[in-house]
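Below is one structure, written out as structure tokens; the observations come after it.
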Amino acid sequence: MKGSHVAITGVEKYFGDFHALKSVSVDIKKGEFYSLLGPSGCGKTTLLRIIAGFEDPSSGAVLLDGQNVVPVPANKRPVNTVFQSYALFPHLTVFENVAFPLRLRKMENAAVKTKVQEFLELVKLPKEGKKLPAQLSGGQRQRVAIARALINEPSVLLLDEPLSALDAKLRQHMLIELDAIHDKIGITFIYVTHDQQEALSVSDRVAVMNEGEVVQVGTPFEIYESPSDPFVAHFIGETNYIGGTVTEVIGDKHAKVDFPDIGSLFVYQDKPLAVGDKVKVTIRPEKIRISSDKPSALGDQMNLLEGGVDELIYSGFQSKFFVRVSERATFRVFRQHVKFFMDEKAINWKDRVFIWWNDNDGYVVEVEKP
Amino acid sequence: MRSAKPTGKFSLGMFTLTIIFLYMPLVILVAYSFNNSKMMAWNGFSLRWYNELFFSSENLWHSFWNSAVIAVTSASVSTVIGTLGAIGLYWYNFKFKKAISVAAFIPMLIPEIIIGVSLLIFFAGIKLQLSLFTIFLAHTTFNIPFVLMVVMARLEEFDFTIIEAAYDLGAGELQALSKVILPAAFPGVISGFLIAVTLSLEDFVITFFVSGPGSSTLPLHIYSMIRFGVSPVINALSVVVIAGTVVLAALSRNVVKYMFQK
Ligand SMILES: Nc1ncnc2c1ncn2[C@@H]1O[C@H](COP(=O)(O)OP(=O)(O)OP(=O)(O)O)[C@@H](O)[C@H]1O
Ligand SMILES: [Mg+2]
């Protein structure tokens with residue numbers, strides 16, 4: 001692996017009185033595709049700028065392969081950045097933009113030529129070298145910015161929402177290419193985004209941030225399936241988030257929980273639970289099945305509820321249902337449209353329906369001991 | 001409502017009047033520069049004033065030369081200072097930044113006569129003899145805010161993360177300045193320089209206060225000639241200046257076009 005190991009330890013950042021980063025510690029492995037994910041204003045860019053060297057932390061350290069780089073100025077760090085606005089030099093051609101770092105090092109002309117061509121090919125722009133940035137499309141500018149940031153062969157590449165200015169289709173496409181470039185080059189990528197789809201689809205690991213704090217670090221699977229924090233449960237995807245009291249602990253993986261207004265449900269748990277604990281549980285809408293016929297022969301620990309369809313949103317590949325199971329409780333349920341003719345009966349607004357899901361699909365996020 | 005086009009008559013009338021009032025004096029001036037008579041009455045076509053202008057007006061050409069030297073030198077110095085000042089105000093953060101940027105622009109708003117008097121008092125105070133050098137100092141002083149403003153406007157147009165990008169890619173401070181900031185600001189620097197040249201060439205009021213014996217500029221010289229009656233030589237000179245301005249304007253447009261739109 002050519003990348004660096006990046007360790008951020010206890011980084012604090014104040015802008016005047018404003019506490020922008022609150023004791024942030026993350027550990028990024030060599031060659032990892034690591035995402036910083038969080039809502040606008042949570043401090044992602046600030047953290048990235050501290051790693052790049054544009055901003056000093058108020059306290060704490062940034063270690064590259066064990067060495068603290070906080071005293072090292074930005075132009076001396078083996079770290080390069082792909083800026084959200086691309087930040088291409090408007091007066092230089094594509095070729096000279098990419099060649100810029102090499103020219104600074106006074107590299108020989110012939111060597112510059114081969115190297116720039118190599119990196120323009122890496123980002124699939126072998127023929128655009130003579131153009132000025134203003135003559136390129138948004139996606140092409142993005143590629144130039146990536147080639148320019150990679151040509152110094154940094155050990156860490158920082159990307160600050162690099163795709164946010166592109167349209168949805170192109171974003172998908174560029175994301176796949178970024179992933180391919182990462183596989184090819186093998187250096188550490190730190191990718192900032194507020195888009196959970198982007199973060200989940202390409203990252204090895206994701207750090208979810210909120211209000212200047214890292215609230216959870218994990219693989220996309222862990223972040224999505226086992227959120228350790230109510231913020232994460234809500235921020236990543238849609239969910240049903242309900243609170244109740246444990247009435248029975250079943251083995252070491254399950255429990256029975258009484259939810260006011262809903263009833264008693266089986267849930268999955270990986271934390272020590274006891275009868276009487278108050279818990280918050282997340283149930284992903286796509287894990288819930290829905291039908292207007294009562295399902296026959298459900299297993300022992302299946303959860304089954306009955307309700308009326310409050311609202312129905314059709315969105316092509318799936319439908320969203322809001323099912324009211326009592327006066328004060330509704331569930332979101334997603335149904336994928338896997339066939340043109342559904343096997344089951346169509347479900348309409350105000351229909352009576354049954355919803356059911358496996359005990360493993362309710363996940364305990366928070367526990368409050370009595 | 002801005003929808004319908006104006007019906008034309010009124011605005012066409014205004015347009016015609018404007019053109020007449022703007023250009024009529026110039027047309028008359030050009031015509032009289034070819035008048036054989038020293039008086040206002042037309043007395044046949046002649047080039048005698050041009051002859052006099054080019055071959056027997058050493059004092060006038062001396063002043064013209066003074067003006068040119070001062071314009072080029074003061075514009076160059078004020079362009080350097082103004083450009084660096086603009087970059088400093090734009091890119092660096094320091095104490096009293098706000099106060100300094102306001103202070104830098106205030107001279108543009110102060111009446112020239114006050115600047116002229118204050119410079120005169122200042123030069124007298126430091127016992128600096130009035131000469132071409134004091135004119136140069138004065139012109140540099142009043143040109144700086146204009147260059148600063150024009151370059152600032154240019155800098156504000158471009159994305160300032162390109163400077164961070166330069167650092168990020170390994171550039172030091174001087175390299176960022178010479179390879180990124182200055183080239184990107186260059187069109188602004190050029191316009192700043194041209195404005196400074198123009199302002200310096202045409203300044204009368206301030207120059208009047210800070211010029212010493214023998215250090216006349218062209219505007220001062222023309223003024224002194226007029227005090228002894230309007231000489232048709234001035235008409236001829238004006239025509240030359242107008243022609244020169246038109247040629248320069250056309251040239252600089254094409255040069256700028258060539259440099260930035262290839
Ligand atoms: N130079 C600064 N001075 C004062 N406050 C700042 C400065 N830079 C950032 N902040 C504040 O710090 C907080 C975090 O900013 P940051 O740019 O890191 O957010 P972000 O997570 O990148 O958001 P976004 O997704 O909108 O880019 C914001 O509330 C912002 O207002
Ligand atoms: Mg940001």
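Throughout, protein chains are lettered first and strands after them, A, B, ... in sequence-line order, and every chain is numbered starting at 1. Just so it is clear, the model here is predicted, and its values are computed rather than measured.
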Crowding at CZ, B/Phe15 (>12 non-hydrogen neighbours, <6.0 Å): no
Exam field: side chain A/His91 to backbone B/Lys179, donor-acceptor pair closer than 3.5 Å: yes
B/Ala166, part contacting chain A, at a heavy-atom distance under 4.5 Å: both
Heavy-atom pairs under 4.5 Å with chain A, option from B/Thr161, B/Ile163, B/Asp168 with the top count: B/Asp168
Residues, nucleotides or ligands: over 12 heavy atoms within 6.0 Å of B/Tyr90 OH: yes
A/Phe15 atom CZ, neighbour heavy-atom count above 12 within 6.0 Å: yes
Enclosure of B/Trp65 CH2 (heavy-atom neighbours >12, cutoff 6.0 Å): no
Those residues of residues 114-130 of chain A, ordered by number, that approach chain B below 4.5 Å (heavy atom to heavy atom): none
Under 4.5 Å from any heavy atom of chain A - which part of B/Gln175: side chain
Which atoms of A/Arg49 approach chain B - backbone, side chain, both or neither, heavy atom under 4.5 Å: side chain
Minimum heavy-atom distance A/Leu104-B/Gly170, with the two atoms named: CD1-C, 3.6 Å
Crowding at CD1, B/Ile110 (>12 non-hydrogen neighbours, <6.0 Å): yes
Close approach to chain B in residues 75-88 of chain A, criterion heavy atom under 4.5 Å: A/Asn75, A/Val79, A/Asn80, A/Thr81, A/Phe83, A/Ser85, A/Ala87, A/Leu88
CZ (B/Phe94) with more than 12 external heavy atoms under 6.0 Å: yes
